[in-house]
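Naming: A, B, ... by sequence-line order, numbering from 1 per chain.
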Amino acid sequence: EAGVVQSPRYKIIEKKQPVAFWCNPISGHNTLYWYLQNLGQGPELLIRYENEEAVDDSQLPKDRFSAERLKGVDSTLKIQPAELGDSAVYLCASSSGTSLLETQYFGPGTRLLVL
Amino acid sequence: AQTVTQSQPEMSVQEAETVTLSCTYDTSENNYYLFWYKQPPSRQMILVIRQEAYKQQNATENRFSVNFQKAAKSFSLKISDSQLGDTAMYFCAFTPNAGKSTFGDGTTLTVKP
């Protein structure tokens, strides 16, 4: 069974440019998470989807960040415009059910560097 | 708001020995779940072990076990017979029954041959 797929793995952009990250969860997983992980810190939830509905986006900086999961499968996270402080690893995870006890399966992450 | 504290930024252990990673949390919730995740240098995070707060029995998964002290709000991870492949960053995470997960800042564990 394929795991959570994320692309690109690495991205270098200049500040004020837009950037997009893509995530394909494990097949059949209804819940999808986007996390931000700064160097030396634990992941912080940005947004959680149950199918195509964003059920928790309270930590998503909506002035520059947006996300979508139109068909309830793969998802895209966008930043426009990027700032220097956005340099981090962006992790995607998925779980099979909607219970918060469900095991989250993480992707390899996208490492973003904003110059 | 919930907080999770991992007071040991770095630890090391000799291969085949036992090591304990500490985690404390702060919450007013009574029902919640606790997790330990492992993030090897390749950066793909995987679940090591989980504990439901209403269960008194400590969870065990092969060489990994927890010491869950609900009153003290402590959730430590014990790794027995450490192996080189256990070298990774370990994150403690807290999830309330109706809310999002909060992760600690991690403990980097190095297993030395």
Side-chain angles (χ1 to χ4, degrees), chain A residues 1-11 21 23-26 29 31-50 54-60 88-113, chain B residues 1-11 21-25 27 29 31-55 59 61 64 75 77 88-109:
Chain A
E1 179 183 83
V4 176
V5 178
Q6 290 187 247
S7 69
R9 293 293 309 278
Y10 304 92
K11 189 74 177 179
F21 314 124
C23 172
N24 193 27
I26 292 173
H29 279 196
T31 304
L32 184 146
Y33 308 76
W34 281 105
Y35 289 92
L36 179 153
Q37 186 177 22
N38 288 306
L39 186 65
Q41 297 182 15
E44 299 172 27
L45 181 70
L46 290 172
I47 189 168
R48 175 167 65 98
Y49 283 94
E50 290 180 7
V55 296
D56 185 352
D57 64 355
S58 57
Q59 301 302 310
L60 189 72
V89 176
Y90 291 82
L91 296 171
C92 179
S94 69
S95 61
S96 60
T98 57
S99 167
L100 294 171
L101 179 61
E102 296 281 350
T103 298
Q104 294 184 40
Y105 295 85
F106 286 81
T110 296
R111 186 183 295 273
L112 174 67
L113 179 60
Chain B
Q2 288 82 23
T3 59
V4 177
T5 302
Q6 294 180 247
S7 59
Q8 305 149 314
E10 296 181 359
M11 292 192 73
L21 310 183
S22 67
C23 172
T24 58
Y25 56 94
T27 184
E29 303 274 345
N31 294 322
Y32 49 87
Y33 311 101
L34 295 160
F35 304 83
W36 278 99
Y37 286 90
K38 170 185 178 181
Q39 191 173 39
S42 65
R43 301 201 71 86
Q44 196 140 2
M45 196 174 305
I46 57 174
L47 178 68
V48 174
I49 197 167
R50 62 184 166 189
Q51 174 84 38
E52 295 156 80
Y54 67 84
K55 289 187 176 179
E61 290 285 343
F64 299 88
F75 183 61
L77 174 70
M89 197 157 186
Y90 287 81
F91 292 97
C92 176
F94 167 96
T95 303
N97 201 32
K100 63 178 184 290
S101 297
T102 300
F103 287 75
D105 284 340
T107 295
T108 299
L109 176 67

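- Here the CG-OH distance, from Leu47(B) to Tyr105(A), works out to 8.0 Å after rounding to the nearest 0.5 Å.
- Of the two parts of Val55(A), neither the backbone nor the side chain holds a non-hydrogen atom closer than 4.5 Å to a non-hydrogen atom of chain B.
- With a threshold of 4.5 angstrom between heavy atoms, Gln6(B) does not approach chain A through any atom at all.
- The shortest non-hydrogen separation linking Val4(A) to Gln44(B) is O-NE2, 4.3 Å.
- Gln37(A) has its side chain out of reach of Phe103(B): every pair of non-hydrogen atoms, C-beta onward, lies at least 4.5 Å apart.
- Across every non-hydrogen atom of Gln104(A) and Ser101(B), the tightest pair is NE2-OG, 3.8 Å.
- Summarising the geometry, atom CD belonging to Glu44(A) is positioned 10.0 Å from atom NZ belonging to Lys100(B); distances are rounded to the nearest 0.5 Å.
- For a residue to count as touching a neighbouring chain, one of its non-hydrogen atoms must lie under 4.5 Å from one of that chain's; by this rule Gln59(A) touches chain B with the side chain only.
- Within the 4.5 angstrom heavy-atom criterion, no atom of Tyr32(B) approaches chain A.
- If you take CG on Asn38(A) and CG on Asp105(B), they are separated by 9.5 Å, rounding to the nearest 0.5 Å.
- Heavy atoms of Tyr33(A) lying under 4.5 Å from chain B are absent altogether.
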